[in-house]
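Following: one structure in structure tokens, then a few remarks.
Side chains are part of it too, since the values below use all heavy atoms of this structure and drop only hydrogens, waters and symmetry mates. We're numbering straight along the sequence, starting at 1.
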Amino acid sequence: MPVIIISSDFHQTAQAIAQSAAGVLGYDHVGRESLAKAADRYKVPEAKLHQALDQTPSFVGMTSKLWKRYLAYIQEATLSQLLRDNVVCQGLAAHLYVLGVSHVLRVRILSDPEKRVEQLASSHGLSPEKAKKLLEREKQAGRRWSMEAFGLDETDPSHYDLVISLSQIDQDEAVKIMKETAAYARFKPMTYSVNCMEDLALASRVKAVLMDRFPGARVRANRGTLIVETVALKREKEKKAKAIKELAGNIPGVDYVEVHVVNDILRQAAESFR
């Protein structure tokens, strides 16, 4: 059976539908409660992982380096759970990094804007006009987050297999539609799609290990073979490539590591002006 990944313009709505879908389908639900184990494994505060999912880096908040590290930890922890079939995932931004896997059904849930305005107006003591403006700011903040984190606009419907608006469809009906869609043969796990998910999971494990010393490294995996791309000054290339191979080569599932190091033009230019 497939993996279902749900995202929404309103976290609580997505969470409620994901939990309901998991119950109806008999699937496991993977949500933000899984961050506790990830925080324990990587020895970081759980609150920081939640913060990384809700905010972008800023001068007064989380640094870009820490933000990217926390996202790498979340990605690894999430993918390790998605290796199982029969999973409904929500709240972990997996719709932005589980790409190219055919047995994954990616669903976008759009909340009823009128109801959301009413909720915001009531909970924040706002006029309908101000509530609409706040709703639009929240939407734009989500879009900025997804663009900065993974270079994808999560509001773009082309990134999803199924988009459901709750303006005319209630949550129970939405779950029914998802159940029917997940039963399509095209979402059945096949050898190739399972391999793709395993490759993503392996690449994420390596990325998480490299984050401390090589935060800018890009990692791809293909059946045990890794390709790691990074930047370095010319005099550092050999040393950096060797260190990456040693770190990545010790990770279970890695058979071969290929490192591509390109010149760090910015650092090189900065040193030339000293």
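Here Asp172 pairs with nothing under the salt bridge (Lys or Arg N to Asp or Glu O under 4.0 Å) rule; sequence neighbours left out. By the side-chain contact (heavy atoms from CB on, under 4.5 Å) test, Ser146 is found to be paired with Leu96, Glu154, residues two or more places apart in sequence or in another chain being considered.
Side-chain N or O atoms of Glu33 include one that pairs as donor or acceptor with a backbone N or O of Gly31 at under 3.5 Å. No donor-acceptor pair under 3.5 Å is formed between the side chain of Thr78 and the backbone N or O of Gln75. Side chain of Ser165 to main chain of Ser167: a donor-acceptor pair is present (N/O by atom type, distance under 3.5 Å, no hydrogens or angles). Of the possible donor and acceptor atoms, none in the side chain of Ser20 sits under 3.5 Å from a partner among the backbone N and O of Ile17. A donor-acceptor contact shorter than 3.5 Å links the side chain of Asp199 to the backbone of Arg223. A donor-acceptor pair under 3.5 Å is absent between the side-chain atoms of Ser34 and the main chain of Val30, judged by distance alone. For the pair Lys245 (side chain) and Lys240 (backbone), a donor-acceptor distance under 3.5 Å is absent. Here the side chain of Asp170 pairs no donor or acceptor atom with the backbone of Leu166 at under 3.5 angstrom. When atom types are taken as modelled, the side chain of Trp67 and the backbone of Met62 share no donor-acceptor pair closer than 3.5 angstrom.
The same ILVMFWY cluster, assembled from side-chain heavy atoms under 4.5 Å apart, contains both Leu92 and Leu99. Hydrophobic clustering of Ile, Leu, Val, Met, Phe, Trp and Tyr side chains at less than 4.5 Å, counting indirect connections, keeps Tyr27 apart from Val104.
Enclosure of atom NZ in Lys132 is not indicated, since only 12 or fewer non-hydrogen atoms of other residues, nucleotides or ligands lie within 6.0 angstrom. Shown here is Glu114, whose CD atom has no more than 12 heavy atoms of other residues, nucleotides or ligands within 6.0 Å. Counting non-hydrogen atoms of neighbouring residues, nucleotides and ligands closer than 6.0 angstrom, the CD atom of Gln168 reaches no more than 12 such neighbours. Counting non-hydrogen atoms of other residues, nucleotides and ligands closer than 6.0 Å to CD of Glu238 gives a total of 12 or fewer.
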Inset, instruction - Walk me through it: do His11 and Gln90 pass the test side-chain contact (heavy atoms from CB on, under 4.5 Å)? - result: CA-CA 9 Å; His11 174 72; Gln90 169 273 329; 3.1 Å; yes
Inset, instruction - Starting from the C-alpha separation in whole Å, work towards a yes-or-no answer on side-chain contact (heavy atoms from CB on, under 4.5 Å) for Leu53 and Arg32. - result: CA-CA 10 Å; Leu53 285 168; Arg32 293 197 178 186; 3.6 Å; yes
Inset, instruction - Would you sort out whether Arg143 and Asp9 count as a salt bridge (charged side-chain N to carboxylate O under 4.0 Å, His left out), showing the intermediate values? - result: CA-CA 10 Å; Arg143 180 178 181 274; Asp9 53 0; over 6 Å; no
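From Tyr192, atom OH reaches atom OG of Ser102 across 8.5 Å, with rounding to the nearest 0.5 Å. Atoms OH and NZ, from Tyr70 and Lys65 in turn, are 11.5 Å apart once rounded to the nearest 0.5 Å. For the atom pair Asp255 CG and Leu226 CG, the distance stands at 9.0 Å (nearest 0.5 Å). Cys89 contributes atom SG, which lies 11.0 Å from atom CD1 of Ile4 (distance to the nearest 0.5 angstrom). Distance check, rounded to the nearest 0.5 Å: CE of Met147 to CG of Asp156 gives 10.0 Å.
With Gln140 as the partner, the side-chain hydrogen bond (donor to acceptor under 3.5 Å, both in side chains) test is satisfied by one option alone out of Glu138, Glu136, Arg144: Glu136.
Between Arg84 and Asp28 there is a salt bridge, with a side-chain nitrogen of the basic residue lying less than 4.0 Å from a carboxylate oxygen of the acidic one. Salt-bridge formation is not detected for the pair Asp161/Arg108: no Lys NZ or Arg NE/NH1/NH2 atom is positioned less than 4.0 Å from an Asp or Glu carboxylate oxygen. Contact check on Glu258 versus Arg220 returns no salt bridge, with no Lys/Arg side-chain nitrogen under 4.0 Å from an Asp/Glu carboxylate oxygen.
Looking only at side-chain heavy atoms (C-beta outward), His159 and Leu152 come within less than 4.5 Å of each other.
Note on ring orientation: taking the six-membered ring where Trp is involved, the planes of Tyr73 and Tyr42 are parallel (angle under 30°, cut-offs 30° and 60°).
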